[in-house]
Asker: 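Okay, handing you the structure first.
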2 protein chains.
Amino acid sequence: MRPTTSDIAHEAGVSLATVDRVLNDRPGVRAVTVEKVRAAIIRLGYVRDLSAANLARQRTYRLAIVIPESNNEFHQVVRQTLDDCLPTALSERTDIELLPVPAHDPHALVNTLNGLDRANIDGVGLMAPETPLVRDAIRDLKHAGIAVAALVSDLPNTERDFFVGINNVAAGRTAGELLGRFLNSDPSRVLVLASSMQSYDSAERRLGFDSVIAQEFPHITVMPTMESHDEPENIEAMVKRAFTRYTDIRGVYSLSTGNRALSRCISNLHIDDKPYMIAHELTPHTRSALQDGSIDAVITQDLGHIMRSALRILRAKSDAMDIVPSQERIRIEIIMRANLI
Amino acid sequence: MRPTTSDIAHEAGVSLATVDRVLNDRPGVRAVTVEKVRAAIIRLGYVRDLSAANLARQRTYRLAIVIPESNNEFHQVVRQTLDDCLPTALSERTDIELLPVPAHDPHALVNTLNGLDRANIDGVGLMAPETPLVRDAIRDLKHAGIAVAALVSDLPNTERDFFVGINNVAAGRTAGELLGRFLNSDPSRVLVLASSMQSYDSAERRLGFDSVIAQEFPHITVMPTMESHDEPENIEAMVKRAFTRYTDIRGVYSLSTGNRALSRCISNLHIDDKPYMIAHELTPHTRSALQDGSIDAVITQDLGHIMRSALRILRAKSDAMDIVPSQERIRIEIIMRANLI
DNA sequence: AATAATTTGAGGTACGTACCTCATTCTCCG
DNA sequence: CGGAGAATGAGGTACGTACCTCAAATTATT
């Protein structure tokens, strides 16, 4: 049987009340007594029973999760992943209010953040681009004593407590290292496509990609980023033009969305020597594209881990508990056909 | 406030005892009444409070984890990872008995398994090679009603409940796909090294590797596996001989251990065009080898996830609860310098 | 209609911890 | 040495669920 607080009290020769004071850092205990209790705790190998503690504390965690909503596949995967987490969260005394906000609508985002009932929320997790108004809203939340975690995209210049996601510069470096090694040592060209370079994520990935290519694969020319603004027609026109003009494009790097249109358009060009293509994020489309070979590798992050980690962190932060950083580190994953599960 | 059992009782117009009978599948409730209660549960969105339930049930999970012990780096990482899990497990009402068994000692292994106190254990997780005696021991454990999970290496022909780890054939395929793409299209040769091909893991990886190379990269010749039996001198002699005899070795694939000696020996050969090297498992050495470029990619699995997943599964199994398979899937990870964290 | 069997209700205790109050004992200081 | 203030003890309740017993009500069977 595992030792309980009473066992410690007995072992330390003090009363239950004193053990309780020590365990919960309440004042009014002499240093010597604290030591006696601490020693007994170690001697017996006591570990606080979290179930009982949570029950007694009557603690429920009220979290709000703000995510973008659009017809973008990645956003839908995010939503799906979160939905899958809800049942587990509920049985862990965690009430989650899911707040989807139209993507690319800074106004709606800020309204949602400001509309949060500060008195009834312990933590907020949000996946959103950083803007001055968002910074203000986060500062406001922090002042109200609410834990804030950035999900997937960091909000580095805000007062957020934690970022749960990958380092996008490193993700870009990974893409660069991979593509650099896939291409042989002949001079060649890489086409880069993004939805918009306004996005920190894309900018950081590009930065990492460029630095690796410049350093380790100088024979590769990385073309300026083409911004599609999520218009399939743009993609088609730009890509067609690029492949017509340059015959040595041997790699394609997609920084963000638009992979479906991109794949289609490249396959329509019927190029003899299909260029290597690397994209980010596992979605229904990138999965099937890995399967049929139109994408060669996907750099991704495990959204399930991100969400579960975010919930753990928000709970811990709102209890001012510390976390195990190694357990919360999100890996940059490389998925190819062979390790697609 | 979240609804409790009393709320349901009230809502359904029955007593607490009846709600309890329904919730815990106890007999003696009419079908109509069960329906009334079920409806109230759904109406109120009741979710059983696991903390309180576990507390009341007085449930503690007693698990035994059997792992190999040797001076092998991977084994030490396994041990380290488990040690890190212990505190968390303890506060989740889980008592873990850690049983390190000398690696390559089937006798000690079986003794340990047979020595487990069947009356006082709910689950066993083990990382061990499959032998007839192990099969028998596992059958025995299962007959005693104990949950059994295979860790890292599967025990496919036993009565284990679950395997927590990666598919090694797929891991080998991943290595093959990666190395195949790293090498250009000139005919070349790949050297393959393993500790011993008696190990299922190595055999499966080799199988996957070969199939991808044969199918997608037919210009690459995969040499017969060299077995080092963990003797650095063997490695040195064999590798030196191979590189002397064949000048077109452009890739090295290490299926299991011995990476330290292998790296050293290859760098000592001072080959102009350093061969690409792929290994398995992140360890202190493979990490630093990725850093300094002597290894180009490591195929690995997140041991932290494996262990936490194993604990969740053993708890669930010993409660006859079902698990969320997608949450327990272990990914085959590709680590290169750029995504080494 | 009487009896048996089944279903339901009422009320209790227990789990381990948190948190509260109030009385008592100790310690330190003047 | 006496008194103030701090430290400690004793005892209580609460959290939400599990599990128990026994009585009462309802239904089924004869």
Side-chain angles (χ1 to χ4, degrees), chain A residues 1-41 44-62 90-95 318-321, chain B residues 1-41 44-62 90-95 318-321:
Chain A
M1 222 48 200
R2 308 163 49 125
T4 71
T5 37
S6 318
D7 296 325
I8 298 176
H10 194 254
E11 173 80 12
V14 299
S15 76
L16 218 89
T18 301
V19 173
D20 180 69
R21 289 180 185 112
V22 174
L23 278 176
N24 296 293
D25 291 316
R26 274 187 264 278
V29 187
R30 272 188 306 162
V32 237
T33 317
V34 171
E35 261 327 296
K36 275 202 293 186
V37 175
R38 292 254 157 83
I41 288 176
L44 296 186
Y46 168 84
V47 181
R48 182 200 245 107
D49 182 331
L50 269 189
S51 297
N54 285 337
L55 179 59
R57 257 193 253 270
Q58 240 319 54
R59 186 75 165 93
T60 56
Y61 301 90
R62 294 151 308 172
L90 256 184
S91 64
E92 284 166 347
R93 317 184 70 77
T94 305
D95 286 321
S318 67
D319 274 348
M321 297 262 292
Chain B
M1 223 45 200
R2 306 163 49 126
T4 73
T5 37
S6 317
D7 296 325
I8 298 175
H10 195 255
E11 174 80 12
V14 300
S15 76
L16 218 90
T18 302
V19 173
D20 180 70
R21 288 181 186 111
V22 174
L23 279 177
N24 297 294
D25 291 315
R26 274 187 263 278
V29 187
R30 272 187 306 161
V32 236
T33 318
V34 172
E35 260 328 295
K36 274 201 294 185
V37 175
R38 292 254 157 84
I41 287 176
L44 296 186
Y46 168 84
V47 181
R48 183 198 244 107
D49 181 331
L50 268 188
S51 297
N54 285 336
L55 178 59
R57 257 192 254 269
Q58 246 311 62
R59 185 77 167 93
T60 57
Y61 301 89
R62 296 150 307 171
L90 257 184
S91 64
E92 283 166 349
R93 317 183 69 80
T94 305
D95 286 322
S318 68
D319 275 347
M321 297 262 293

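Side-chain atoms are counted along with the backbone in the values below, which use heavy atoms only and exclude waters and symmetry mates. Chain A is the first sequence line, chain B the second, and so forth, proteins listed ahead of strands; every chain is numbered from 1.
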Asker: Does a side-chain N or O from A:Thr18 land closer than 4.0 Å to OP1 or OP2 of D:dG9, or not?
Answerer: yes

Asker: Reading DNA chain C 5' to 3', which nucleotide is the first, and which the last, to come under 4.0 Å of any heavy atom in chain B?
Answerer: C:dT7 to C:dG16

Asker: Scan A:Asp20 against the nucleic acid and name what it touches under 4.0 Å (heavy atoms): base, sugar-phosphate only, or nothing.
Answerer: base

Asker: Does any part of the side chain of A:Arg59, heavy atoms only, come nearer than 4.5 Å to the side chain of A:Ser318, both counted from C-beta?
Answerer: yes

Asker: Need to verify one output field. Residue with the more 5' nearest nucleotide on DNA chain D, B:Ala53 or B:Arg30?
Answerer: B:Ala53

Asker: For A:Arg21, which contact category applies under a 4.0 Å heavy-atom criterion: base, sugar-phosphate, or nothing?
Answerer: base

Asker: Are the side chains of B:Val37 and B:Ile41 in touch, meaning some heavy atoms are under 4.5 Å apart?
Answerer: yes

Asker: Start at the 5' end of DNA chain D and walk down; is the nucleotide closest to B:Leu50 or to A:Val32 reached first?
Answerer: A:Val32

Asker: Using a 4.0 Å heavy-atom cut-off across all strands, classify A:Ala17 as base, sugar-phosphate, or nothing.
Answerer: base

Asker: Excluding sequence neighbours, so at least two apart, what forms side chain to side chain donor-acceptor pair (under 3.5 Å) with A:Arg57?
Answerer: none

Asker: Nearest 0.5 Å, what's the CD1-CZ distance between A:Ile8 and A:Arg48?
Answerer: 9.5 Å

Asker: Looking only at heavy atoms, which two atoms of A:Asp7 and A:Leu44 are closest? And how far apart?
Answerer: O-CD1, 3.7 Å

Asker: By nearest heavy atom, map B:Gly28 and A:Ala52 onto DNA chain C; which one lands nearer the 5' end?
Answerer: B:Gly28

Asker: Step by step, would you call B:Thr5 with B:Asp20 a side chain to side chain contact (heavy atoms under 4.5 Å, CB included)?
Answerer: CA-CA 8 Å; B:Thr5 37; B:Asp20 180 70; over 6 Å; no

